[in-house]
Protein chains: 2
Amino acid sequence: MIEIMILPFPLSNLKRTGRTKLHLKKNEALFRQGDITTAIFFVISGAVHLVRHTHEGHSVILHRAVSGTTFAEASLFSDVYHCDATATEPAEVIRLSKTDILALVTADPDFAQALLKRFAQDVQTHRKHLEILAIKGAEDRVFAALVSFGQSGTVTAFAIFVGLTTEATLRALSKLVQQGKVTKLKRGHYEVPDTSITPRSVTIKSSV
Amino acid sequence: MIEIMILPFPLSNLKRTGRTKLHLKKNEALFRQGDITTAIFFVISGAVHLVRHTHEGHSVILHRAVSGTTFAEASLFSDVYHCDATATEPAEVIRLSKTDILALVTADPDFAQALLKRFAQDVQTHRKHLEILAIKGAEDRVFAALVSFGQSGTVTAFAIFVGLTTEATLRALSKLVQQGKVTKLKRGHYEVPDTSITPRSVTIKSSV
DNA sequence: TACACTATATGATCGAAATCATGATTTTGC
DNA sequence: GCAAAATCATGATTTCGATCATATAGTGTA
């Protein structure tokens with residue numbers, strides 16, 4: 001039961017039947033927008049993207065779930081999934097039955113609190129994402145996203161995440177590299193060196 | 001104790017000391033980004049905007065809390081507030097002590113579950129917001145936001161919410177009115193008539 | 001009432017990112 | 001291993017929204 005150790009909340013009381021280990025191939029979908037919700041998930045290895053599709057073919061990467069994190073927690077209280085979940089690389093995930101989780105919430109206060117914390121983190125992450133999308137210049141936006149989230153996955157995926165085209169993102173990255181604010185590790189892999197991470201001093205004036 | 005009736009979760013067990021009623025004037029700040037977190041809030045009347053400020057003066061309206069909703073729930077698990085909370089119109093709010101709420105989570109399973117549900121709703125709302133910001137055309141974006149969230153507050157506030165300038169938003173609105181997709185109630189007040197709300201048929205192909 | 005201030009509205013210009021285009025490189029599936 | 005597909009990269013052109021400017025309608029208040 002090694003996996004229980006790395007779960008962000010204690011599962012000792014969860015029925016064994018409530019847990020299933022799944023192996024996903026690349027591009028394999030775990031669930032799709034509109035599917036009936038039956039479970040939340042925990043990533044052991046690999047990565048899963050949560051993607052929302054809009055009417056006219058637009059798509060947003062809402063979240064990239066990586067090793068050691070849970071996802072689709074919000075589905076506990078909604079009837080259908082509101083996004084697609086697709087493995088972007090081969091992944092192992094644990095499926096946690098929705099009904100069992102809900103039962104455990106009622107039975108185990110510590111579990112409930114741990115789950116609440118995860119939800120709160122989700123909210124914070126989404127807010128950070130919203131904050132980044134509000135930044136106007138492509139260069140500033142890409143840099144902010146790189147500082148806050150890092151380049152998870154391909155540049156193309158990163159571009160969708162920051163709400164720009166791949167071209168615009170690449171151009172911004174190459175300019176940032178020129179300026180020394182970003183390091184190009186290798187083709188398609190960029191990173192913010194520690195030195196360039198300036199602590200944002202929150203100097204808010206009390207005057208309106 | 002009228003207010004307890006309209007709270008989205010049962011507060012009967014919350015210590016009386018944990019609740020304080022506050023009266024906010026227009027533009028009065030409840031807390032600011034960086035302040036130590038001590039409470040979550042419930043809106044009785046009026047409206048409170050949660051605004052996030054980025055390094056270079058950009059701002060995002062993360063959330064508009066209106067009558068009957070709670071806000072700053074995420075602060076339960078973080079040390080400082082990550083955004084400003086300001087009344088955009090005179091407002092009455094109830095301050096709910098953070099420590100008391102956390103105690104109640106442990107003591108009352110029903111309360112814990114109700115709170116979890118609220119968090120989940122928050123996540124869903126933020127996702128919808130992210131989805132809207134991913135829409136490229138100004139016209140499409142404004143229309144989508146109007147359908148999903150309605151025009152809460154002024155056009156200027158709505159413009160910030162959708163990530164456009166006031167001018168671009170007004171132009172988009174006036175075009176949408178021309179097309180009959182949006183109704184102009186009066187100067188600065190727009191609405192999507194029921195007839196134009198097309199149910200988005202989720203026809204996702206299983207291929208790819 | 002008069003004044004200041006803010007929000008709404010629309011027009012003109014400019015610039016930044018989307019789009020289109022073309023190759024090179026890497027990965028993936030057979 | 002090899003062909004096909006996807007990704008990375010950069011250049012040229014176009015388009016849409018930002019910006020600047022100006023005017024009007026409300027709103028608060030002295």
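Letters A, B, ... are given to chains in the order of the sequence lines, protein chains preceding strands, and every chain is numbered from 1. What you see is a predicted model, and the numbers here were worked out from it, not measured in a lab.
In the model, Glu92(B) has a side-chain atom that pairs as donor or acceptor with a side-chain atom of Ser45(B) under 3.5 Å. A donor atom on one side chain and an acceptor atom on the other are not found under 3.5 Å apart for Arg127(A) and Gln124(A).
Nucleic acid contact for Lys184(A): sugar-phosphate only, since backbone atoms but no base atoms lie under 4.0 Å from a heavy atom of the residue. The residue Phe158(A) sits apart from the nucleic acid: no heavy atom pair falls under 4.0 Å.
At whole-Å resolution of the value, CZ in Arg141(B) and C1' in dC16(D) are 12 Å apart. If you measure from atom OH of Tyr190(A) to atom P of dC8(D), you get 8 Å, rounded to the nearest angstrom. One interatomic measurement links the two molecules: CD1 of Ile135(A) to P of dA18(D), which rounds to 15 Å at whole-angstrom precision. Between the CD atom of Glu89(A) and the P atom of dT7(D) there is a distance of 13 Å, given to the nearest Å. Rounding to whole angstrom units, NZ of residue Lys175(A) and C1' of dG11(D) are separated by 14 Å. In this structure, Lys186(B) places its NZ atom 16 Å from C1' of dT24(D), rounding to the nearest Å. Ile160(B) places its CD1 atom 18 Å from the P atom of dG17(D), with the value rounded to the nearest Å. dA7(C) atom P lies 13 Å from atom CD of Gln151(B), rounded to whole Å.
At a cut-off of 3.5 angstrom, the base of dC16(D) holds no donor-acceptor pair with the side chain of Glu139(B).
Of the candidates dT28(C), dT19(D), dC8(D), the closest approach to any side-chain atom of Arg171(B) belongs to dT19(D). With dT19(D), dA9(C), dT28(C) as the choices, the nucleotide that has an atom nearest any side-chain atom of Leu170(B) turns out to be dA9(C). Across dT26(C), dA18(C), dA9(C), the shortest atom-to-atom separation from the side chain of Arg187(A) is found for dT26(C). Nearest nucleotide to the side chain of Glu167(A), out of dT19(C), dA18(C), dC8(D): dT19(C). Nearest nucleotide to the Ala138(B) side chain, out of dT8(C), dG17(D), dT7(D): dG17(D). Of the listed nucleotides (dA9(D), dC8(D), dA18(C)), dA18(C) has the atom at the smallest distance from the side chain of Thr165(A).
With ring centers used as reference points, Phe158(A) lies 6.0 Å or more from Tyr190(A).
The side chain of Thr156(B) contributes an N or O atom lying less than 4.0 Å from OP1 or OP2 of dT8(C). Phosphate contact (OP1/OP2 of dT28(C), side-chain N/O of Lys26(A), threshold under 4.0 Å): present.
Between Glu89(B) and Arg64(B) there is a salt bridge, with a side-chain nitrogen of the basic residue lying less than 4.0 Å from a carboxylate oxygen of the acidic one.
No side-chain heavy atom of Thr37(B) sits less than 4.5 Å from a side-chain heavy atom of Phe77(B).
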